[in-house]
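Below, each value reflects all heavy atoms present in this structure, side chains not excepted, and no hydrogens, waters or symmetry copies. Protein chains get the first letters and strands the later ones, always in sequence-line order, with residue 1 at the start of each.
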2 protein chains.
Amino acid sequence: MPEDLNTGLLLFLPYRAMETRVLEELAAAGFDDLTPSQARVFQRIAPGGSRLSDLARQAGITKQSTGFLVDQLERLGYVRRVPDPDDGRARLVQIADRGRRGVEASRAVVARVEAEWEAHLGKRRMTQLRDILADLREITDPWR
Amino acid sequence: MPEDLNTGLLLFLPYRAMETRVLEELAAAGFDDLTPSQARVFQRIAPGGSRLSDLARQAGITKQSTGFLVDQLERLGYVRRVPDPDDGRARLVQIADRGRRGVEASRAVVARVEAEWEAHLGKRRMTQLRDILADLREITDPWR
DNA sequence: AGAAGATGGTAAGAGAATCTGACATGTTTG
DNA sequence: CAAACATGTCAGATTCTCTTACCATCTTCT
């Protein structure tokens with residue numbers, strides 16, 4: 001079949017492959033209580049912690065849904081909430097101990113998958129891919 | 001912030017942007033009864049029709065979930081089900097009239113968004129992006 | 001041909017994820 | 001200060017997805 005897939009779908013396939021691999025290998029490493037939705041929120045927490053609204057915007061879901069998922073992550077020990085020193089209304093969602101270990105484990109999986117992709121594409125094209133995507137981000141990331 | 005996003009997230013951002021744009025502009029054009037989940041299944045129907053199981057595999061969800069969404073698409077007039085002449089067990093999900101018009105409308109939106117991307121990236125890098133993604137598909141598409 | 005297994009699809013019920021609307025509280029701005 | 005805005009929560013409904021179980025048909029093997 002002559003390939004004429006739209007670029008959106010073409011982007012989706014490797015994205016989904018990466019997500020699946022990370023979740024699978026994380027589960028095998030003992031982090032088997034994470035759901036895809038929880039992970040999608042979790043992965044966006046900034047080093048010093050993030051506000052709920054920011055996480056919601058980045059994940060593209062409502063604050064309510066985000067709160068629902070953060071509650072679960074908190075109960076599972078992946079994150080904690082602390083008051084935001086700069087804003088009395090806000091709280092910061094920070095990565096807790098179990099979360100920290102999860103981040104390390106997932107970083108390893110991501111590196112492995114990226115290495116596989118690079119082995120298939122070649123170093124040069126893998127770099128091109130990342131460059132182009134980073135550039136595209138400027139007009140497709142509603143967040144930053 | 002130094003940009004070190006993992007490639008999965010970098011892929012996700014433009015994918016999501018494309019999906020959002022298509023759904024928004026489709027809604028504005030009168031196709032306001034489509035949900036994202038329905039659209040994700042619908043967009044994978046092959047020209048001559050597809051089997052439910054194939055759609056399920058491609059979308060990465062169960063046959064039951066797919067059936068649930070196809071039921072809705074059928075009720076909304078986007079698809080119809082006909083017996084598969086080659087297999088008495090199977091039925092083909094085919095695009096119906098309203099679906100056909102939706103396909104045309106969405107094709108136009110996709111073309112517009114791709115043009116915007118190309119204007120930002122330049123023709124050369126847009127082509128490179130598509131080439132690389134098509135290549136990456138060989139090891140990340142569980143379907144074909 | 002007949003049995004065993006694989007494949008296509010549906011049914012029922014439960015759980016997860018998401019949304020809308022309303023609200024309390026704190027912050028920023030005119 | 002008052003008005004507008006932002007942060008987060010609560011309550012309730014809806015949508016989406018999964019698991020388990022099942023039936024019908026097709027394919028393969030003996």
Side-chain angles (χ1 to χ4, degrees), chain A residues 12 16 19-20 23-24 27 32-46 48-76 78-94 142-143, chain B residues 12 16 19-20 23-24 27 32-46 48-76 78-94 142-143:
Chain A
F12 175 77
R16 178 73 169 238
E19 186 180 75
T20 303
L23 254 354
E24 274 176 5
D32 56 351
D33 48 2
L34 268 182
T35 68
S37 294
Q38 289 163 8
R40 280 192 280 268
V41 167
F42 179 75
Q43 81 175 327
R44 285 173 161 94
I45 300 174
S50 296
R51 293 188 186 172
L52 193 64
S53 334
D54 290 347
L55 294 177
R57 266 190 290 271
Q58 292 178 62
I61 57 177
T62 60
K63 292 182 296 178
Q64 294 89 324
S65 299
T66 308
F68 176 78
L69 295 167
V70 168
D71 283 347
Q72 301 174 17
L73 287 167
E74 194 170 25
R75 246 179 287 118
L76 294 170
Y78 286 97
V79 308
R80 68 171 154 267
R81 292 194 234 216
V82 303
D84 184 335
D86 299 337
D87 191 329
R89 298 166 298 181
R91 295 204 277 164
L92 288 178
V93 179
Q94 291 183 333
W143 171 232
Chain B
F12 174 78
R16 179 74 170 239
E19 185 179 75
T20 303
L23 256 353
E24 274 175 5
D32 56 350
D33 47 3
L34 269 181
T35 68
S37 295
Q38 290 163 7
R40 280 193 280 268
V41 167
F42 179 74
Q43 81 175 327
R44 285 173 162 92
I45 300 174
S50 297
R51 293 187 185 171
L52 192 64
S53 334
D54 290 348
L55 293 177
R57 266 191 289 272
Q58 292 178 61
I61 57 178
T62 61
K63 291 183 296 177
Q64 295 85 331
S65 299
T66 308
F68 175 79
L69 295 167
V70 169
D71 283 346
Q72 300 174 20
L73 287 168
E74 195 170 25
R75 245 180 288 119
L76 293 170
Y78 286 97
V79 308
R80 68 171 154 267
R81 293 193 234 218
V82 302
D84 184 336
D86 299 338
D87 191 328
R89 298 166 297 180
R91 295 205 276 164
L92 288 178
V93 179
Q94 291 182 333
W143 172 234

Worksheet item: Base, sugar-phosphate alone, or nothing: which one does G88(B) contact when heavy atoms must sit under 4.0 Å apart?
Response: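 Contact class for G88(B): sugar-phosphate only.
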**Request:** Using a 4.0 Å heavy-atom cut-off across all strands, classify D84(B) as base, sugar-phosphate, or nothing.
**Result:**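 Nothing: the residue D84(B), judged by heavy atoms under 4.0 Å, touches no strand.
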Polar atoms only, N or O, under 3.5 Å: list the protein pairs with nucleotides 14-16 of chain D and their distances.
from	atom 1	to	atom 2	distance (Å)
dC16(D)	OP1	T35(B)	OG1	2.7
dC16(D)	OP2	Q72(B)	OE1	3.4
dC16(D)	O3'	S37(B)	OG	3.3

(request) By nearest nucleotide on DNA chain D, pick out whichever of D87(A) and D71(A) is the more 5' one. (result)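 Closer to the 5' end of DNA chain D: D87(A).
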* Among residues 54-64 of chain A, which contact DNA chain C at a heavy-atom distance under 4.0 Å? ->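 Within this stretch, I61(A), T62(A), Q64(A) sit under 4.0 Å of the strand.
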Could you report the tightest heavy-atom contact between [X] and [Y], atom names first, then the distance?
X      : Y      : result
R40(B) : E19(B) : NH1-OE2, 2.8 Å
F42(A) : Y78(A) : CE1-O, 3.8 Å
L23(B) : P36(B) : CD2-CA, 3.9 Å

Next item on the list: Extract, from 5' to 3' on DNA chain C, the first and final nucleotides lying under 4.0 angstrom from some heavy atom of chain B.
Entry: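 With heavy atoms of chain B under 4.0 Å away, the range is dA6(C) to dA11(C).
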### Query
How would you list, by chain and number, every residue that makes a side chain to side chain contact (heavy atoms under 4.5 Å, CB included) with I61(A), sequence neighbours excluded?
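By the side chain to side chain contact (heavy atoms under 4.5 Å, CB included) rule, I61(A) matches V41(A), A59(A), S65(A), T66(A), L69(A).
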Worksheet entry | Rounded distance [0.5 Å steps], CZ in R57(A) versus CG in L52(A) |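 CG of L52(A) is found 10.0 Å from CZ of R57(A).
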* To do: Please round to the nearest 0.5 Å and tell me the distance separating atom NZ of K63(A) and atom CG of D54(A).
  =>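 CG of D54(A) is found 11.5 Å from NZ of K63(A).
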Identify each donor-acceptor pair in which a side-chain atom of residues 84-93 of chain A lies under 3.5 Å from a protein atom, sequence neighbours left out, and give them as a table.
from	atom 1	to	atom 2	distance (Å)
D84(A)	OD1	D86(A)	N	2.8
D84(A)	OD2	R51(A)	NE	2.9
D84(A)	OD2	R51(A)	NH2	3.0
D87(A)	OD1	R89(A)	N	3.0
D87(A)	OD1	R89(A)	NE	3.1
D87(A)	OD2	R89(A)	NH2	2.8

R89(A) or L52(B), whichever maps to the more 5' nucleotide of DNA chain C:
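The residue whose closest nucleotide sits nearer the 5' end is L52(B).
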Query raised in the report: Stepwise, does the salt bridge (Lys or Arg N to Asp or Glu O under 4.0 Å) test hold for E74(A) with R81(A)?
Result: CA-CA 8 Å; E74(A) 194 170 25; R81(A) 292 194 234 216; 3.2 Å; yes
Need the bend value for the helix from dA16(C)-dT15(D) to dG30(C)-dC1(D): angle between end axes, 5 pairs each end, nearest 10°.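 The two end axes of the helix from dA16(C)-dT15(D) to dG30(C)-dC1(D) meet at 20°.
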